[in-house]
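Heads up: the structure comes next, in structure tokens.
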Amino acid sequence: MSVSTSPRPAGLAPAPAPFLDVRDLRVHFPTEDGLVSAVDGVSFTLEKGRTLGIVGESGSGKSVTSLALLGLHKGTRAQVSGEIWLEGRELVALPETEMRALRGRTVSMIFQDPLSALHPFFTVGSQIAEAYRVHHKVSKKEARDRAVEMLRRVGIPQPERRVRDYPHQFSGGMRQRAMIAMSLVCDPALLIADEPTTALDVTVQAQILDLIRDLREEFGSAVVIITHDLGVVSDVADDILVMYGGRRIEYGTSREVLTQPQHPYTWGLLQSMPHLTGDVGERLNPIPGTPPSPINRPDGCSFHPRCACKGWVPQGRCTVERPELRPVAGAAGHFTACHLTDAARQEIRGGTGLTEERGTGTTRAAR
Amino acid sequence: MTAADERKHAVSTTQPLTGRTTDRPAGENLLEVRGLHKHFPLRQGIIFQRRVGAVRAVDGIDFSVGPGESLGLVGESGCGKSTTGRLITRLLEPTGGSVVFDGEDITHQPAARMARARRNLQMIFQDPYSSLNPRHTVGTIIETPMRLGGVNPPQGHKKRAQELLETVGLNPEHYNRYPDEFSGGQRQRIGVARALALRPKLIVADEPVSALDVSIQAQVVNLLQDLQREFGIAFVFIAHDLAVVRHFSERVAVMYLGKIVEVADRESLYTRPRHPYTHALLSAVPEADPDAMRRRERIRLAGDVPSPIDPPSGCRFRTRCWKARDRCAAEEPPLLRADGSAAGHLTACHFPEEPSVRARAEDIVLDPALAGPEGKS
Amino acid sequence: MFRYLVRRLLAAALIMLVITTITFFVFFALPSDPALLACGKTCSPSRLAEIKHSLGLDQGYLTQYWEFLKGLFAGRDFGDQSVRIHCGAPCLGVSFQTDTPVLTTLLSDFPADLSLGLGAAVAFLVLGVGLGTVAAVRRGRAADKAAVGLALFGVSVQIYFIGLLLLYLFVDKFQILPASGYTSITEDPAGWFKGLILPWTTLVIVYLAMYTRLSRSSMLEVFAEDYMRTARAKGLPAATVVLKHGLRAAITPIITIFGMDVGSLIGGSAVITESVFGINGIGKLAVDSVQNSDLPVILGTTLFAASFVVLANVVVDLVYGLVDPRVRLA
């Protein structure tokens, strides 16, 4: 393990191992167009009872990361390397049969669209009971009772009756609750939620996020929530990992990343979002261009073609040298992968706002 | 709040019926929608079909849009906002009510006589992937409305299409390319160029940015805003994202189960919502600012939106409302200016929220799973 | 559910009526004259008129059609004073050639088609879905390529080729199976089975191809569904994921086509197989009747075959309602 790829303080004496420790995770897919590196060296740690938000746009590798945590790439063409340590066990090299015993029991997952993620031909109750019976030697009756209990816990009215319904008979929000009930039925230690509210309406989203937060406290699980929505992570996450082009570009506590963002991409994301309060006369400040395709990523920093600040970095370093994740000076536990010096960053952010400073930045580069 | 306001407030909670019930002064409107209905019949039977009910997607709404104005239409899925967009552009036939566009009643205008209105009334769709024909070049896609509308620009169709590509920020040399060579954001720009081809007076944009990545959304919103300002195009901007609507639209109408429950200028609606639903909706939007999140009150409604096949009697929001009383079930609240609201701020509620912000800053949790045994609220 | 069934059956009857009408009038557009055929070589105008009268061909089309419809519900009597043939309801008419009621002939030929069709159908469904599933699971590997290759072979060979090849190998060369014909199961069950092995095999080879391909593509489509990922994420064993969650969804589109195939097979559509193996089934009856311009038999076989296809449709819809909870029959 090298210092630069892991945010954990290196070389310290035997500190208690973190609950979840992902080290230099890489997921590659061989395709006709060449090797696609969907995830390219991602590391993070997570303790029980805490929530990590992984934020990124399409093609950032956030969903592929989540599937790797469940070992769902096993038996496919994907090539996974690196280490995933969960409670002292390494999952990447774990044989499929042992991984299967962990899935749904120790690590479980909530998917984005509950209508397509639940089987249309089986009742909601039988699907929850099935998840319980795979890992517990219980009768059908006991498993059914457990399903009813879980449905009640996630706030489904009349669970004794609804347990016999099919997914299509549930509303969108109720389906996501049923999905949550199914993923929590074995009391998992790690819960992964992949865009759990993207398909839902805003009032239902608020209910589901509150529910996930409540259940995390009640069950004491660790939660990884994957989303493109900075509002969602701000609502539920303790830590945030921002991904771009299959790599980490910023990592830190939620408050640090959202209030003191360090990477130009994070700045861009925050500035391109409209808000519910504040001045509406201002134009949004979009990030130019589009996210890179995983097949053809730019050299150097993969954000450089869209970055307004690359003029601040001398000698075009951004286009040739890939920045490593480094601690941010004066902010413990906050890391960013950018060639900008702290001084330059201060200067860019210190002015009247990024909009104008960006302009000076580019002019400076032109000079 | 002034003392005079407070006194008035103590006397009555709602404006008498004589109050002005239109959202904008009449006479100068580009689009006037009155009592618009759309019921999709539910049929049963194989050979002999019987009507067994109807999905009341849009159930009597009134609004108007002035020239160059942008009206936002927000609400959750099933509220009828997209159906409304399709009714205005006559992609759907209204069941009742009237749509007057640019002084012409187009409610039941036969297709042959729609040519003039079509030229001035265009639509942008949500999905930039399925709304462009993959077998047509970008040039053909943009020129088709001109050809169909019999418009022959002096510089020729091709030149005009290339100008439009430039206007929406694409390379005019991409005229001969096919849609699948473009990213989602660029495709949406092509859709915008197509809508602009006939220099319309009104564009109905149905969730134009919701299929796009966050960093791309802002590009398209800015583009639309530039077009609105530069060409004076009016917009009906349909979206579920309240922050985007606030940014784009001067006036905003909130829909719930086929009805408009509140309409106001954005300042008034976002800072002093009077309808409990608007209030709940605003409090549910997560913001990327941890401090703003902490300051905001938390309103958690129970359950989902009821079915539009059999909507609740009286006020449709009452089944999820913490203020609901007997009157709400018996009597449908009309869309009126509530006491203490700014001019043009109309609310359909018997018991509107207090106009002052501080008076309502408390958490309301109706969801049994959240307000459960742990006693959280 | 019951109301649905009644409505569907009424609709089916309506379709049958339309088919009857069309077949009846298409026949009259044919250039050949059945009376002339029946009259034989020593035909005189008076004899021809006599035959025409006894066959009822001297009446107008509409009268004949009306008589036919009446016979369906009330039965009819044919012939003159000398020869009298009674044909009870539902009367499909009496063969011009053999003077026997058509229904009697159909019913005596039907067991052969039922045995041939049902037996082959069960075999190709089970084998096809099995092979297709294996191919889908082992996508891109040797097993998949073998299954796809086999399917391609089955699609490209013709029944008369494969049938004759089987006959040559097993009957002529190795002499392990009887030569030809259909033996009733009630008379000689072993003989029934032995006689049908080759026809079954022929039909299975031909149909297996389509069912393998169909279930492979249906399976692959289902594998891409989110709920299959959910099933794996729950920790279910791979076999449960494929056989319970996968097959249940993948079988639905196959049921539709299977229903149609069974319906048409037992209705006599395996005509080439019948003639290659010398089985006297409804398919052969239909072909012969067209050659002889035997209107009542043509009508009878057409109606008989059509009724099975229509009935299969109803059954498929009912099964669909049982398999897919989202489909409500009302």
Side-chain angles (χ1 to χ4, degrees), chain A residues 63 66-67 69-77 96-124 126-136 164-169 175 178-179 182-183 185-186 188 191-192 194 199, chain C residues 1 129 133-145 215 218-256 316-330:
Chain A
S63 284
S66 73
L67 295 179
L69 291 177
L70 265 176
L72 285 179
H73 293 304
K74 288 181 201 288
T76 69
R77 288 159 179 272
E96 166 67 13
T97 45
E98 286 177 53
M99 189 66 226
R100 190 175 68 68
L102 293 182
R103 266 185 222 133
R105 178 171 197 152
T106 312
V107 192
S108 74
M109 187 142 179
I110 304 169
F111 294 100
Q112 174 174 356
D113 179 2
L115 182 59
S116 62
L118 290 168
H119 201 296
F121 295 174
F122 299 112
T123 62
V124 169
S126 73
Q127 296 189 53
I128 299 175
E130 184 185 38
Y132 192 60
R133 270 163 65 85
V134 196
H135 301 294
H136 297 86
R164 285 192 298 273
D165 280 354
Y166 289 92
H168 72 273
Q169 292 165 306
R175 272 196 290 264
M179 186 86 217
M182 187 164 87
S183 64
V185 72
C186 293
L191 178 66
I192 302 157
D194 186 0
Chain C
M1 183 76 178
V129 171
T133 306
V134 171
V137 172
R138 319 283 305 169
R139 183 186 189 180
R141 314 225 184 125
D144 179 26
K145 285 179 180 142
S215 20
S218 179
M219 233 4 184
L220 284 177
E221 218 169 278
V222 169
F223 283 171
E225 293 282 353
D226 284 357
Y227 54 77
M228 294 299 281
R229 193 180 53 188
T230 311
R232 287 190 68 207
K234 282 192 215 176
L236 294 175
T240 315
V241 174
V242 172
L243 295 179
K244 185 177 168 190
H245 292 246
L247 205 53
R248 177 72 190 269
I251 200 87
T252 324
I254 299 172
I255 288 174
T256 317
V316 162
D317 283 355
L318 291 181
V319 171
Y320 233 98
L322 293 178
V323 172
D324 188 342
R326 290 170 299 182
V327 176
R328 273 221 319 252
L329 304 176

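Order of the sequence lines fixes the chain letters, A, B, ..., with proteins taken first and strands second; residue numbering starts at 1 for each chain.
- Contacts between A/I192 and chain C at a heavy-atom distance below 4.5 Å are absent for every atom of the residue.
- The shortest heavy-atom contact between A/V134 and C/P237 is CG1-CD, 4.5 Å.
- Remark: the backbone N or O of C/G235 is not paired with any side-chain donor or acceptor of A/R105 at under 3.5 angstrom.
- The aromatic rings of C/H245 and A/H119 sit perpendicular, their planes meeting at an angle over 60°, well past the 30° parallel limit.
- Side-chain contact between A/E130 and C/K244 is present, with heavy atoms from C-beta onward closer than 4.5 Å.
- Put simply, the side chain of C/P325 reaches to within 4.5 Å of the side chain of A/F121, judged on heavy atoms.
- Cation-pi geometry between C/R326 and A/Y166 is not satisfied (NZ or CZ under 6.0 Å from the ring centre, within 45° of the ring normal).
- With a 4.5 angstrom heavy-atom cutoff, A/L70 touches chain C only via side-chain atoms.
- Taking CZ of C/R229 as the reference point, atom OG of A/S116 lies at 7.5 Å (rounded to 0.5 Å).
- Of the two parts of A/M179, only the side chain, counted from C-beta on, holds a non-hydrogen atom closer than 4.5 Å to a non-hydrogen atom of chain C.
- Counting heavy atoms from C-beta on, the side chains of C/K234 and A/R103 never come closer than 4.5 Å.
- In this structure, the portion of A/E96 lying under 4.5 Å from any heavy atom of chain C is its side chain and not its backbone.
- One distance of note links OH of C/Y227 with CG of A/D113; it measures 13.0 Å at 0.5 Å rounding.
- By the 4.5 Å heavy-atom criterion applied to side chains, A/F111 and C/T230 are counted as neighbours.
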